[in-house]
Amino acid sequence: MEVAAALRVRSGDAIQGCEAMRLGALGHAGLAVATETTRVLVDPWFDPHGAFLGSWFPYPDNSVALTPEVLDPDAVVVTHEHFDHLDPWFLAQLAPTVPVVVCQFPSFALRDKILAAGEREIVELPPWERHRIGDVSVFFVPEESPMNHDAAVVVTHGDEAVVDLNDARLSPAQLREIRREVGGRVDVLLLQGAGASWYPICYEYPPERRRELSAQKRAAKLNYMVRAVGATGPRVAVPFAGPPCFLDPALAVHNQEMDEGIFPDLATVAAWLQPRVRARVEVLLPGDAWDLTTTTREPEPSWHDFDWSRRGEYLAGYAARRRTFLDEVWAAHPEPARALWPEFHAYFERLLAMNRYFLERIDLRVGFDLSGPGGGRWSVDLRAGAPAVHPVLEDCQYVYRFDARWLPAILDGTIGWEDFLLSLRFSAARDPDVYNDHLLGILKFATPSALAAVERFETSIDVEETITVTAGDRRYRVQRWCPHAGHDLSETGQVLPGGVLQCLAHHYEFDLDSGQCLTGACPALRTERLSDEPQPARPA
């Protein structure tokens with residue numbers, strides 16, 4: 001389909017060349033960086049079908065930012081493989097000579113998704129390695145644990161620096177190192193205030209419990225923003241990379257998460273953040289431009305009467321404009337005309353043979369309740385002692401429920417498990433109600449090399465180096481590096497009431513007396529209670 005037929009393409013000057021660096025907001029996590037001679041796009045997403053099986057759409061509608069200049073970049077930078085950052089539809093509109101620059105990850109998923117849009121040069125950069133594109137340079141800083149293939153990207157031009165965290169949750173040490181790497185000055189920090197998650201909104205909780213958990217997740221995301229701004233010290237902080245909106249009537253209920261849940265809108269995030277940080281906070285709508293020299297925003301005229309408070313009316317019109325594209329998504333995933341059990345069985349037999357380390361840490365029997373033609377009630381035993389695939393659903397500690405029409409695309413690799421889960425087109429229940437990081441890991445990676453990279457990282461975490469923490473009148477010697485993802489607990493650890501140590505990186509909590517993880521299936525924290533004898537007073 002021609003671009004002009006899919007979205008309104010307009011002329012514009014939001015990212016025309018300029019001597020200093022200039023930013024153009026492309027909506028969601030999309031960013032255009034321009035100088036007098038160079039134009040680079042970061043995470044552009046314009047597919048009129050949305051992302052994740054037609055579930056996510058940019059909010060607000062970003063078609064106004066799809067200008068002729070945007071379709072003629074020198075390079076595209078993609079931070080990670082999620083389809084709201086990597087858009088094959090958009091890449092297919094570009095000349096095949098335009099390279100795509102990515103971070104080097106231990107999985108081929110990102111490369112494969114790019115090449116699905118057509119052959120083109122892919123430049124894979126090791127972490128922290130600079131790459132020149134015209135007169136700007138870029139480098140990536142991935143999350144420390146390879147369980148998450150997310151990376152921040154840093155763009156520099158002379159002494160100007162833009163740090164785009166998008167979905168990446170970097171440690172304080174990484175953030176400070178970025179600041180040092182760019183000479184101590186960060187002009188603009190773009191960071192996420194809305195989550196990219198299906199928890200807890202797809203879980204079978206009572207409504208009040210779901211609202212409580214959503215509020216907790218929202219608070220954790222916003223508080224991370226404060227810490228990130230403090231560690232990088234930017235001149236300007238820009239809420240970015242979300243939230244999505246949901247235009248399919250089957251998913252429209254999730255738009256309520258903008259009110260008090262996990263998807264706050266940009267204006268809400270900015271209003272919350274501004275009094276809590278020293279940096280200036282700005283909201284950029286699609287088509288808006290930001291001049292780093294004058295530190296001024298040039299607004300896109302289309303938004304002069306846009307009102308965040310009139311969301312319902314706005315989304316109704318937006319949904320009407322996308323109706324044809326949503327119909328195409330559903331038509332592309334018809335109800336299966338065959339029984340899917342043989343393919344399901346073969347898929348999970350291969351998965352179970354990939355990595356014993358993951359099975360030892362999952363230690364669950366997982367059920368799949370697939371409704372409609374081709375489906376069934378099946379289970380997968382993800383325990384190291386008895387891995388197997390069963391044609392019955394019984395004795396499961398974790399159950400996924402969804403329409404069987406979505407399963408063929410997962411089994412043939414058209415869409416990954418994580419992409420499917422982000423579609424929100426499922427529900428889940430677990431007992432005990434404990435998060436298992438390795439279950440998601442084995443599903444979303446499903447390749448031996450990526451699973452092996454996680455195993456190497458986690459088995460290399462140093463449990464011998466320790467720090468001392470105080471909980472009330474008790475003192476403990478605990479391992480310095482978090483058992484979950486290796487973050488430095490001397491920076492990310494905080495003691496909660498009741499003798500609990502929380503790692504602020506991913507909010508895992510550990511009982512300081514036993515070391516047991518209270519919030520997920522994670523190795524225990526090495527901990528030792530110290531003597532209660534009075535400690536000598538410190539010299540004044």
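Here the structure is a predicted model, which is why all the values come from computation and not from measurement.
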- Taking side chain to side chain donor-acceptor pair (under 3.5 Å) as the test, write out the residues that go with Asp412, two or more places apart.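 For Asp412, the residues satisfying side chain to side chain donor-acceptor pair (under 3.5 Å) (neighbours in sequence not counted) are Thr414.
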
- Task: Using the test side chain to side chain donor-acceptor pair (under 3.5 Å), find all partners of Glu458 that sit at least two apart in sequence or belong to another chain.
- Result: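 Tyr357, His438.
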
Is it true that the side chains of [X] and [Y] contain a donor and an acceptor less than 3.5 Å apart?
{"X": "Asn148", "Y": "Glu143", "result": "yes"}
{"X": "Gln479", "Y": "Asp462", "result": "no"}
{"X": "Asp403", "Y": "Ser371", "result": "no"}

Could you tell me whether the side chain of [Y] reaches within less than 4.5 Å of the side chain of [X], counting heavy atoms only?
{"X": "Val469", "Y": "Leu489", "result": "no"}
{"X": "Lys444", "Y": "Leu421", "result": "no"}
{"X": "Thr268", "Y": "Met258", "result": "no"}
{"X": "Leu86", "Y": "Leu110", "result": "yes"}
{"X": "Pro106", "Y": "Ser449", "result": "no"}
{"X": "Tyr314", "Y": "Trp308", "result": "no"}
{"X": "Asp259", "Y": "Arg311", "result": "yes"}
{"X": "Arg211", "Y": "Glu260", "result": "no"}

- Task: To the nearest 0.5 Å, tell me how far Leu266 CG sits from Phe240 CZ.
- Result: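 Leu266 atom CG to Phe240 atom CZ measures 9.0 Å (nearest 0.5 Å).
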
- Query: Hey, are Asp395 and Arg365 close enough for a salt bridge, meaning a charged N less than 4.0 Å from a carboxylate O?
  - Reply: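 Looking at Arg365 together with Asp395, the answer is no, because their closest N to O distance does not fall below 4.0 Å.
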
- Message: So that I can tick it off, tell me whether Glu204 and Arg401 are bridged by a salt bridge, with the cut-off set at under 4.0 angstrom between side-chain N and carboxylate O.
- Response: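 So Arg401 pairs with Glu204 through a salt bridge.
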
- Applying side-chain contact (heavy atoms from CB on, under 4.5 Å), run through Tyr59 and Leu315 and close with a yes or a no. CA-CA 9 Å; Tyr59 179 64; Leu315 292 180; 3.8 Å; yes

- Query: Do any pairs count as a salt bridge (charged side-chain N to carboxylate O under 4.0 Å, His left out) and have a residue in residues 162-175, sequence neighbours left out, and if so which ones?
  - Reply: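 Checked against salt bridge (charged side-chain N to carboxylate O under 4.0 Å, His left out) - neighbours excluded - no pair reaches residues 162-175.
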
For the residue pair [X] and [Y], what are the closest heavy atoms and their distance?
{"X": "Tyr508", "Y": "Cys517", "answer": "CD2-SG, 3.5 Å"}
{"X": "Val153", "Y": "Asn166", "answer": "N-ND2, 4.5 Å"}
{"X": "Leu247", "Y": "Ala319", "answer": "O-CB, 3.8 Å"}
{"X": "Pro523", "Y": "Pro483", "answer": "O-CB, 3.5 Å"}
{"X": "Cys503", "Y": "Thr492", "answer": "SG-OG1, 3.3 Å"}
{"X": "Ala25", "Y": "Leu284", "answer": "CB-CB, 3.7 Å"}

- Around Glu349, counting heavy atoms of other residues, nucleotides and ligands shown, do more than 12 lie under 6.0 Å from its CD?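 Counting neighbours around CD of Glu349, more than 12 heavy atoms of other residues, nucleotides or ligands fall under 6.0 Å, so yes.
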
- Is it the case that more than 12 heavy atoms not belonging to Phe108 sit under 6.0 Å from its CZ atom?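 Incorrect, the count does not exceed 12.
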
- salt bridge (charged side-chain N to carboxylate O under 4.0 Å, His left out) evaluation trace for Arg209 with Asp433: CA-CA 12 Å; Arg209 177 59 173 161; Asp433 187 16; 5.1 Å; no

- Task: Go through Ser214 and Lys217 one step at a time and tell me if the side-chain contact (heavy atoms from CB on, under 4.5 Å) criterion holds.
- Result: CA-CA 5 Å; Ser214 286; Lys217 197 167 183 67; 5.8 Å; no

Centroid-centroid under 6.0 Å between [X] and [Y] rings:
{"X": "His149", "Y": "His80", "value": "no"}
{"X": "Tyr199", "Y": "Tyr435", "value": "no"}
{"X": "Trp89", "Y": "Phe83", "value": "no"}

- Message: The test is side chain to side chain donor-acceptor pair (under 3.5 Å); show your working for His49 and Asp47 and say whether it passes.
- Response: CA-CA 5 Å; His49 303 87; Asp47 189 342; 2.8 Å; yes

How are the rings of [X] and [Y] set relative to one another: parallel (under 30°), tilted (30 to 60°) or perpendicular (over 60°)?
{"X": "Phe426", "Y": "Phe420", "value": "tilted"}
{"X": "Phe263", "Y": "Phe246", "value": "tilted"}
{"X": "His333", "Y": "Trp406", "value": "tilted"}

- Query: Which of these passes ring-ring contact (aromatic ring centres under 6.0 Å, His included) with Phe368: Trp341, Trp378, Tyr398, Trp417?
  - Reply: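 Exactly one candidate clears the test, Trp417.
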
- Are Gln104 and Glu124 close enough, and set up right, to give a side chain to side chain donor-acceptor pair (under 3.5 Å), and what steps lead you there? CA-CA 5 Å; Gln104 193 175 74; Glu124 291 186 271; 5.5 Å; no

- Message: Using a 6.0 Å distance limit plus a 45 degree cone around the ring axis, check whether Arg276 lies over the aromatic ring of Trp272.
- Response: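 Checked: cation-pi criterion met.
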
- Query: salt bridge (charged side-chain N to carboxylate O under 4.0 Å, His left out) with Asp248: which of Arg323, Arg425, Arg322?
  - Reply: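 Option passing the salt bridge (charged side-chain N to carboxylate O under 4.0 Å, His left out) with Asp248: Arg425.
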
- Item | Partner of Leu53 under side-chain contact (heavy atoms from CB on, under 4.5 Å), chosen from Ile415, Leu326, Leu422, Leu424 |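 When side-chain contact (heavy atoms from CB on, under 4.5 Å) is applied between Leu53 and each of Ile415, Leu326, Leu422, Leu424, only Ile415 qualifies.
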
- Message: One pair to check against side-chain contact (heavy atoms from CB on, under 4.5 Å): Tyr400 and Asp369. What are the steps and the verdict?
- Response: CA-CA 6 Å; Tyr400 292 107; Asp369 188 352; over 6 Å; no

- Message: Between Asp437 and His484, is the side chain to side chain donor-acceptor pair (under 3.5 Å) condition met? List the steps.
- Response: CA-CA 9 Å; Asp437 206 16; His484 167 239; 2.7 Å; yes

- Query: Step by step, would you call Phe52 with Val329 a side-chain contact (heavy atoms from CB on, under 4.5 Å)?
  - Reply: CA-CA 10 Å; Phe52 312 121; Val329 171; over 6 Å; no

